[in-house]
Amino acid sequence: MEYNHKKIEKKWQNYWDEKQTFKAVTGDKKEPYYILVEFPYPSGAGLHVGHVRSYTAQDALARMKRMQGYNVLYPMGWDAFGAPAEQYAIKNHIHPKDAVKENIKTFKGQMKDLGFSFDWSREFSTTDPEYYKWTQWQFLQFYKHGMAYKDTIPVNWCPTCKSVLSNEDAAGGVCERCGTEVVQKEKSQWMLRMSDYSEDLLKGLDDTNFADRVKLGQINWIGKSTGVELDVEIVGGGKFSIFTTCIETVYGITFFVIAPDGKLIKELMPRVKNKEEVNKYINETAKKSSMDRTELNKGKTGCKVEGIMAINPVNGMEVPIFLGDFVLGDYGTGAVMAVPSHDQRDFEYAVEHNLEMIQVIDGRDTTDSAFEKHDYLGKGCKLINSEEFTGLTVEDAKEAITEKLVNKGIARRVNNYKMRDWIFSRQRFWGEPIPMIYCEKCGWQPMDEKDLPLLLPDVAEYEPTEDGESPLANIKTWVNTTCPHCGGKAKRETDTMPNWAGSSWYFLRFMDAHNDKEFASMDAMKYWNRVDWYNGGMEHTARHLLYARFWVQFLYNIGLVPKKEMIWTRVSHGMVLGSNNEKMSKSKGNVINPDDIVKEFGADTLRIYEMFMGDYTQDAPWSTDSLKGCKRFIDKVIRLKDKVGSGEGYSKKLEPIIHKTIKKVENDLSTMAYNTAVSSLMILANSFDDEKSITKDEYHLLLTLLNPIAPHITEELNESLGFKPICESSWPKYDESKTIDSEIEIPVQLNGKVKATIKIALDSEENIVKEKAHSEVANLLEGKTIVKEIYVKNKIYNIVVK
RNA sequence: GCGAGUAUGCUGGAAUUGGCAGACAGGCAUGUUUGAGGGGCAUGUGCGUUAAAACGCGUAUGGGUUCAAGUCCCAUUACUCGCACCA
């Protein structure tokens, strides 16, 4: 048969479209199963081969699950707000919605060409007013429940581009686009009280089945640490608080370090003697990102705050205060106690600034480096130089010191979280407008819910403002409105929402995509229950997932979703790298366009290759040679059709491998082991190829198992044998008893080295195996003394000799 | 810096989770089929000594546990990803 992949693939894609094969019906009696892939940002570059990898993987799972009798929901949509579309639109003087429309068309066409079994009837874009109406509505719920507030936050600002920059775009302190030095600018921003949910987001992980590394990512992002907040008096009046997880070292304090960007230094300023030096350091710090600041080697910078001394609350010792940029103004209390003998960063700081050190935990010399907690904890180390606590173990002292300070009323046991509130404002045009109105008389007022959606204005020209406000601020007809409270003159909020907003709840919308009464009905959400399987990139496992969980937990708390955690399993896939093992990028010239591959080799070849290329959770480089190998595999499967004879059922000889392969493929597709699923199918095809002829049923089985990965060619071959379409058939069942060999080969080892293999019946008794093993290596045992023999049932026989 | 991950032939990777390292592919080589090939078939291919049998070595590096280690433990190195306005 001639393999015209273009014709075959089009034919089956049309078949699925016409029959609506993949339409998921809410309320169907079959068991629901919700498979989700991250919906893409439809960039101008078109679909990436990396998209193809994860979409194919989940497509294979979806197709198998359907055959297994589940009501599968496998939806697709578009996450289309964002800076690139806005930049493109500004440059080309068009409205971003038109650019987005074009891009979506391209992406959708590419997805159709690849034969993904998405339920297109549920498609939407986050930029559709019908969708963002509900994103805005949900923001209003946050606001009405006290979860949204305004705060002043410093942002990276490029004076040339007149644009707020991400840390990434401001890397190294210069604007990535134009090279101008970035400055920090204070801006009033909408915030969501995500930090209120720290503990719930941590606990909620127990009700999910996320991959371990995903859970770890969430846990570390939340960054819980348990410790003590301690009040510190300032000589001559005033006080501040510090947070520490190592209160046991409190007698070792020789100085305090406070954040240059914190509120404390501002308060102290009138009493500071070296104002000029202090101000200079504060200004230098303002240029650095927090990442640059916490780097260990840069942590030694700082300056002394002259004229102000603090008092160690446990022993009354007066110690100096320093500014240090490794202390962050927005984490903990913005001030730390410094114990150079027991913290390496404090140690280096003390050396640099020539400060005193006091060792308070015994166990190691501290002249050259600090004796830190990971070295002294749990080793029975005892305190020294610590008044009544001297002699106690670290663990006992931690408790005793805390207890004493808490009783004195100068300390509190607290949990600190690294996770901060969510900065929800963006000074951009292309995002969901925040539905808030500012009135001189009434302050911030939420829009009336019935007036939603608040549409973006339909203009093609918008320039950034001089002062860093959103481009929307220039569109006066849009900005000026009336106060929903008093009816007087008022202005709209001109900032828009971050890209993360729309993607924080899209999976709920898919459950009920066209509901115009609510964002999704409770009934529909209860029916689908939750996302059973969510796949996305590793780069999203910390933030997107956390934002989405936060959003859902909030909706749950106000009674709008049925579960506190709406995502059950989350897995992440590796990137497809260029053939030179580097990330694909235009500038490196190593980009592979899936369209070209589909045209030349066909979608099925590309799909098989991307499943076969390696461990799905790891990065894998592109190889066109390897791709060709997958084409050859398809050719082989096609050729096997000529071997189909008149027989029926499974032959005795092929039966074991057939049952094993069904089991293996079924297992592998549900555990992301796609590469071994393909390899086991290759093995099956090879063993068919070794036969003179195979039965129709055997061939049909191979096609069925391969169908989830290569759906077009398998349907075509299957049809030519006269079977009904695979997509309307059921998944084959394996017989466990037929997957087990009755006779097995096991190795015989001498001192751990394999010297022979013996054939034994499955589950043989040890003495039978022993006899066989001994006779097999008899010549090697001569003149040796047997010290020990180990038999691991059905695995190995090892003889230890001297 | 902090957090996470990875390291196995010439290449991508496999290894039932402590039990025969290199499955399945790619590449290369040799042979074969036909006028031809991004074709089919066959054989070989971790490294070393060797005609071969056989033996020795071998899963980033250095130690350790064990009858047995790619797999477990300790230390080290290199690379990749995330770090809050890229999506």
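In the text below, chain A, chain B and the rest are named by the order of the sequence lines, each starting its count at 1.
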Using atom [atom1] in both nucleotides, what's the gap between [N] and [M] to the nearest angstrom?
N      : M      : atom1 : result
B:rA23 : B:rA87 : C1'   : 38 Å
B:rA84 : B:rU76 : P     : 28 Å
B:rG9  : B:rA60 : P     : 8 Å
B:rC83 : B:rC73 : P     : 29 Å
B:rA15 : B:rG39 : C1'   : 33 Å
B:rG27 : B:rU34 : C1'   : 25 Å

Inset, instruction - Quick one: list whatever passes salt bridge (Lys or Arg N to Asp or Glu O under 4.0 Å) with A:Lys599, sequence neighbours left out. - result: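 A:Lys599 satisfies salt bridge (Lys or Arg N to Asp or Glu O under 4.0 Å) with no residue once adjacent residues are dropped.
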#### Entry: Qualifying residues under salt bridge (Lys or Arg N to Asp or Glu O under 4.0 Å), relative to A:Glu766, sequence neighbours excluded
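With sequence neighbours excluded, A:Glu766 shows a salt bridge (Lys or Arg N to Asp or Glu O under 4.0 Å) to no residue whatsoever.
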Heteroatom pairs (N/O) under 3.5 angstrom, protein to nucleotides 37-44 of chain B:
residue: B:rG38; atom: N1; partner: A:Glu600; partner atom: OE2; Å: 2.6
residue: B:rG38; atom: N2; partner: A:Glu600; partner atom: OE2; Å: 2.9
residue: B:rC41; atom: OP1; partner: A:Arg639; partner atom: NH2; Å: 3.4

Please tell me if [X] has a side-chain N or O lying less than 4.0 Å from either OP1 or OP2 of [N].
X        : N      : value
A:Asn686 : B:rA23 : no
A:Arg213 : B:rA4  : no
A:Arg543 : B:rG82 : no

Separation of atom [atom1] in [X] from atom [atom2] in [N], rounded to whole Å:
X        : N      : atom1 : atom2 : result
A:Gln218 : B:rC2  : CD    : P     : 22 Å
A:Phe210 : B:rA4  : CZ    : C1'   : 16 Å
A:Ile608 : B:rC24 : CD1   : C1'   : 13 Å
A:Leu546 : B:rG82 : CG    : C1'   : 13 Å
A:Asn580 : B:rU80 : CG    : C1'   : 14 Å
A:Lys755 : B:rA54 : NZ    : P     : 11 Å
A:Asn220 : B:rG82 : CG    : P     : 16 Å
A:Tyr417 : B:rC83 : OH    : C1'   : 20 Å

Dot-bracket assigned to RNA chain B with the 3.5 Å Watson-Crick/G-U criterion, [ ] for crossing and | for other-strand pairs, is (((((((..(((......[....)))(((((((.....)))))))((((....))))..(((((..]....))))))))))))....
Looking across every strand, which nucleic acid part, if any, lies under 4.0 Å from [X] by heavy atom: base, sugar-phosphate, or nothing?
X        : value
A:Thr617 : nothing
A:Gly629 : sugar-phosphate
A:Ala83  : sugar-phosphate
A:Trp500 : base
A:His540 : base
A:Glu789 : nothing

Under the side-chain hydrogen bond (donor to acceptor under 3.5 Å, both in side chains) rule, collect the residues that match up with [X], sequence neighbours excluded.
X        : answer
A:Glu86  : none
A:Ser504 : none
A:Ser572 : A:Arg213

Next on the checklist: My understanding is that only residues two or more places apart in sequence, or in another chain, count here; which of them pass ring-ring contact (aromatic ring centres under 6.0 Å, His included) with A:Trp157?
Outcome noted: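 Counting only residues at least two positions away or on another chain, A:Trp157 forms no ring-ring contact (aromatic ring centres under 6.0 Å, His included).
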By ring-ring contact (aromatic ring centres under 6.0 Å, His included), A:Phe424 pairs with (sequence neighbours left out) A:Phe139, A:Trp422
Out of [options], which nucleotide sits closest to the side chain of [X]?
X        : options                : result
A:Lys753 : B:rA87, B:rC20, B:rC57 : B:rC57
A:Asp625 : B:rC24, B:rG27, B:rA87 : B:rG27
A:Trp221 : B:rC24, B:rC85, B:rG82 : B:rG82
A:Val754 : B:rA87, B:rC20, B:rA84 : B:rC20
A:Ile796 : B:rG19, B:rC24, B:rC85 : B:rG19

Q | Check against ring pair (Phe, Tyr, Trp, His ring centres under 6.0 Å), A:Phe612 and A:Phe633 | A | CA-CA 11 Å; A:Phe612 185 59; A:Phe633 171 55; 8.3 Å; no
Whether each nucleotide of nucleotides 64-74 of chain B has a protein heavy atom under 4.0 Å at its base (B), only at its sugar-phosphate (S) or at neither (-) is summarised, 5' to 3', as ---B-------
Relative to its sugar, using the 90° cut-off around 0, the base of B:rU34 is anti
The glycosidic conformation of B:rG22, counting syn as within 90° of 0 and anti otherwise, is anti
Check your understanding: Taking the inter-plane angle between the rings of A:His544 and A:Trp500 on a 0 to 90° scale, is it parallel (under 30°), tilted (30 to 60°) or perpendicular (over 60°)?
Key -> parallel
Heavy-atom side-chain proximity of A:Phe81 to A:Thr135 below 4.5 angstrom |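 Of all side-chain heavy-atom pairs linking A:Thr135 with A:Phe81, none is under 4.5 Å.
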Is any side-chain heavy atom of A:Trp190 closer than 4.5 Å to one of A:Glu493?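 Yes, at least one pair of side-chain atoms sits under 4.5 Å.
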For nucleotides 9-17 of chain B, which of its nitrogen or oxygen atoms have a protein nitrogen or oxygen under 3.5 Å away, and what is each distance?
residue: B:rG12; atom: O2'; partner: A:Met613; partner atom: O; Å: 2.5
residue: B:rG13; atom: O3'; partner: A:Asn675; partner atom: ND2; Å: 3.3
residue: B:rA14; atom: OP1; partner: A:Asn675; partner atom: ND2; Å: 3.0

Salt bridge [X]-[Y], side-chain N to carboxylate O under 4.0 Å:
X        : Y        : value
A:Glu736 : A:Lys663 : yes
A:Arg570 : A:Glu38  : yes
A:Asp741 : A:Lys660 : yes

query: Of A:Tyr506, A:Trp78, A:Phe107, which is the lone residue that meets ring pair (Phe, Tyr, Trp, His ring centres under 6.0 Å) with A:Phe39?
result: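 Only match with A:Phe39 under ring pair (Phe, Tyr, Trp, His ring centres under 6.0 Å): A:Tyr506.
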Residue pairs meeting side-chain hydrogen bond (donor to acceptor under 3.5 Å, both in side chains), one or both in residues 676-685 of chain A, sequence neighbours left out, come to A:Asp668-A:Thr676
> Any donor-acceptor pair under 3.5 Å between the side chain of A:Gln189 and the base of B:rC85?
Replying inline: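 In this structure, the two groups form a donor-acceptor pair.
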- Item | Member of A:Arg426, A:Gln427, A:Lys187 meeting the side-chain hydrogen bond (donor to acceptor under 3.5 Å, both in side chains) criterion with A:Asp495 |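 Exactly one pass, corresponding to A:Gln427.
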